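All figures in this text were calculated on a predicted structure; none of them were measured in a lab. Lettering follows sequence order; numbering is per chain, from 1.
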Amino acid sequence: MDFLVFVKQVPDTNDVEVDEESGTIIREGVESILNPFDEYALNLAIRLKEETDEEVEITAISMGPPQAKEALRKCLAIGADRAILLSDKAFAGADTWATSCTLFKAVEKLGGADLYFTGQEATDGNTAQVGPEMASNLNISPITYVEEVLDFDPDEGTISVRKETDQGYMKVQGKLPLVLSCMTPPDFEPRIPGVKEIMAAKKKPMETWGSEELEGSSDQFGLEGSESQVISTYPPSSKGPGEKFEGTPEEEATKILQRLESEGFLDD
Amino acid sequence: MAETQLSRDDEFGLTEEQQLLKESLLDWGERELPLTRVIKMNQEGHPYPEDLVKSMADLGIIMGTVPTEQGGSGLTWEDQMLIADLIGYIDPSIATAAGFMAVETGWGFTLNRYGNETIQKEFIKPAINGEKFVGIATTEPGGGSDVAGFECTAERDGDGWILNGEKTFISGTEEVQEMGGAYWVNVRTGPAPEDAPHKNMTSFCVPVDADGMNFQEPYRDAGRMAISTGGFIMEDVRIPDEYRLGEEGKGFYYTMEGFDNARMLIGASSVGVTRRVLEEAADYIKQRETFGKPLAKYEGIQFEFVDLYTRMKALRLMYEQVAKMQDTRYEEAGYGDVEGKPKTFSPTDVVRWISMIKWKAPHLAKEAADKAMHWLGAAGYSDEYVFETAWKGIMSYCVGAEGGANIQKIVIARETLGPEFMPYK
């Protein structure tokens with residue numbers, strides 16, 4: 001069986017600064033890391049591989065600049081068997097649609113897979129769109145917000161999961177191939193690679209594919225292939241200071257309750 | 001665990017593998033040993049939690065420099081020093097660095113080098129896997145740094161040896177009783193010649209459960225409480241000859257090599273402690289305001305801060321140099337050839353550097369913790385912050401663990417001015 005995990009290298013900061021002139025995120029001096037959500041997705045892929053008797057190859061794919069190899073090397077250390085970096089100047093400026101189209105071309109070149117994994121979103125753009133768009137490109141179903149795998153039957157080609165919804169949870173069974181967009185439950189917590197795994201990662205295959213290898217035309221990639229354009233990027237406005245209730249615990253609780261009532265939060 | 005403005009440039013010059021290793025260690029620290037747990041462990045005291053030992057073993061960082069064919073991770077000293085630095089950063093109480101970098105890794109590596117297959121199989125490999133503890137027992141009631149003045153003895157008894165005497169201020173005595181394991185023990189196997197008292201010393205690997213091993217109540221140390229310090233009395237402890245390290249009578253030389261490896265790792269860990277202390281302090285002084293402006297704006301504080309920071313960076317460069325020299329030393333001498341000598345420089349050239357880092361790095365960490373407590377005032381003096389935990393812990397390496405400061409100065413003087421100027425000559 002083949003599992004494909006889509007990963008992204010993102011800036012490691014919760015305090016992103018934006019260049020006011022260009023409207024883009026300032027990346028200089030900010031360390032890059034593997035998107036934490038993707039780490040959980042990769043770990044789920046590894047877990048399913050370990051739980052099945054089938055022979056499974058896990059490939060981690062990322063689109064990004066050459067330094068995104070660092071994130072892929074980490075994937076190999078965590079447990080992916082192979083890594084592919086899609087990197088080309090032609091891919092620059094891609095929106096989520098162009099990104100998913102580029103990834104799709106790589107998937108076609110690989111001959112497809114049985115299960116596709118993504119993190120629920122990337123911590124830089126937070127769009128959560130690439131997973132469902134991949135499913136659309138592949139003409140298969142996505143199961144988003146996966147937070148538990150209830151059953152995986154490779155012989156029957158089915159997987160049952162519990163997914164989160166706005167109202168609660170939903171149990172879903174799907175037939176492979178499928179795209180799973182994963183949340184970050186403790187069960188999927190990424191393993192920390194040790195020395196042996198890090199050294200072994202050096203010997204695992206990593207390839208770089210550009211637009212030539214993907215055999216696409218320039219209007220399919222990057223800025224040219226994008227359906228949307230970012231007009232401006234800006235940090236959220238600050239919420240202002242909070243309010244402190246003082247007194248005994250009973251008095252504090254009463255004051256909070258009164259405040260919630262007056263704001264209408266406790267109305268039916 | 002995110003990098004901060006203070007340490008981002010530490011990535012410079014690291015290999016891709018070292019960067020991944022660093023990321024793994026920081027993730028491990030965040031998950032398994034956050035500062036809240038460090039402080040709690042320090043309050044509750046030993047024994048050191050076995051889950052942490054096991055997870056360090058899973059990462060492959062205990063005795064990481066032992067070759068892979070002997071069950072280690074085959075790391076370079078540059079790698080292991082980076083790990084020791086990060087261990088000090090993660091646990092500024094220094095308990096983890098003391099127990100599992102200096103003792104198990106520094107001494108354990110050397111024990112493995114001179115130990116035979118029996119010792120490797122029975123003690124080293126299980127310790128690498130986090131299943132047993134191996135420690136070092138040099139200090140005696142009569143003294144510690146004066147290694148040549150030891151009084152414990154071993155006498156031949158058929159195909160084995162009978163050991164007698166007392167060892168004291170030994171790290172990990174509670175842990176070794178919990179986990180099982182052994183101590184590297186130095187004893188006299190002949191009288192001390194007047195002109196060369198370091199001769200006739202032999203090293204043994206003594207199992208903790210051997211008959212006649214009597215452990216004493218652990219000491220109540222000032223700090224690094226998560227790893228125990230105690231002692232034991234050997235009363236007619238009989239061990240087979242295969243537990244002897246290397247050649248009879250050469251224990252002093254093996255011990256000095258063990259000290260080298262333990263001291264350099266503690267040097268790196270102390271740099272890690274300093275960095276953590278300064279990072280935590282920076283967070284505070286940038287936010288805490290007095291008289292309408294943050295503490296960090298006052299030159300009285302920021303000048304002290306940058307002085308410590310600059311010296312910390314210098315010590316980091318210094319330990320990287322030490323690590324490179326130690327890698328060359330073992331590469332040229334040959335890991336398996338215990339008689340081999342490095343070609344580029346003599347072992348004593350390395351020792352000089354090791355003594356410099358062992359002398360300066362713990363003192364800088366202590367000074368950083370001391371200053372941080374002053375900057376924070378009452379908050380810094382409480383265990384709400386890590387500074388008092390770090391201050392009390394690192395003090396152990398200032399006062400004497402792995403060789404006191406004055407011993408390091410004597411070594412540096414010997415290797416720069418010449419042995420004829422030694423006070424003991």
Side-chain angles (χ1 to χ4, degrees), chain A residues 7 9-17 26-40 42-43 60 66-80 83 85 123-124 184 186-204 206 208 241, chain B residues 1-12 14-33 52 54-69 71-76 78-80 82-84 86-87 90 105 128-130 283 286:
Chain A
V7 301
Q9 192 182 44
V10 294
D12 180 15
T13 177
N14 292 316
D15 191 21
V16 171
E17 288 185 26
I26 300 169
R27 289 175 191 268
E28 286 74 29
V30 179
E31 202 194 350
S32 296
I33 58 164
L34 175 60
N35 176 34
F37 292 106
D38 297 340
E39 276 197 60
Y40 279 75
L42 173 60
N43 196 55
Q67 60 264 33
K69 276 186 179 176
E70 292 165 14
L72 285 170
R73 190 67 70 192
K74 184 170 185 186
C75 293
L76 295 173
I78 292 172
L85 174 65
T123 53
D124 54 355
T184 57
D187 258 12
F188 300 175
E189 190 173 50
R191 55 198 70 193
I192 298 173
V195 173
K196 286 188 174 74
E197 291 79 22
I198 289 169
M199 295 305 169
K202 256 167 90 172
K203 293 173 188 157
K204 292 182 180 176
M206 182 170 347
T208 303
Chain B
M1 196 178 280
E3 285 295 287
T4 71
Q5 212 172 345
L6 270 67
S7 57
R8 242 177 3 234
D9 50 3
D10 288 348
E11 292 281 324
F12 178 72
L14 295 188
T15 63
E16 197 174 52
E17 290 74 35
Q18 285 170 336
Q19 282 183 30
L20 278 172
L21 195 52
K22 182 177 175 184
E23 212 174 307
S24 281
L25 259 291
L26 292 175
D27 285 347
W28 174 82
E30 191 167 87
R31 200 180 290 181
E32 308 290 342
L33 195 45
L52 290 176
K54 193 78 188 76
S55 61
M56 273 189 278
D58 289 344
L59 288 174
I61 61 170
I62 297 176
M63 284 187 242
T65 44
V66 167
T68 47
E69 56 271 23
S73 294
L75 295 177
T76 63
E78 281 192 70
D79 300 331
Q80 191 71 54
L82 175 68
I83 292 167
L86 292 163
I87 289 292
I90 291 163
T105 300
I128 288 172
N129 294 335
D283 278 352
K286 280 155 69 174

Between A/Lys196 and B/Ser73, what is the shortest heavy-atom contact and its length?
-> NZ-OG, 4.2 Å

Rounded to the nearest 0.5 Å, what's the gap from CG on B/Leu75 to CE on A/Met199? Could you check?
-> 5.5 Å

A/Lys69 atom NZ, neighbour heavy-atom count above 12 within 6.0 Å | no

Can you check whether A/Ile192 reaches B/Leu59 side chain to side chain, under 4.5 Å on heavy atoms?
-> yes

Give a yes or no on this: more than 12 heavy atoms of other residues, nucleotides or ligands lie within 6.0 Å of atom NZ of B/Lys54.
-> yes

Residue pair B/Ser24 / A/Pro193: nearest heavy atoms and the distance that separates them | OG-O, 2.6 Å

Say you draw a straight line from NZ of A/Lys202 to OG1 of B/Thr15; how long is it, rounded to the nearest 0.5 Å?
-> 7.5 Å

B/Glu23: what forms a side-chain hydrogen bond (donor to acceptor under 3.5 Å, both in side chains) with it, not counting sequence neighbours?
-> A/Lys74

Among all residues two or more places apart in sequence or in another chain, which pass the side-chain hydrogen bond (donor to acceptor under 3.5 Å, both in side chains) test with B/Glu16?
-> A/Arg73

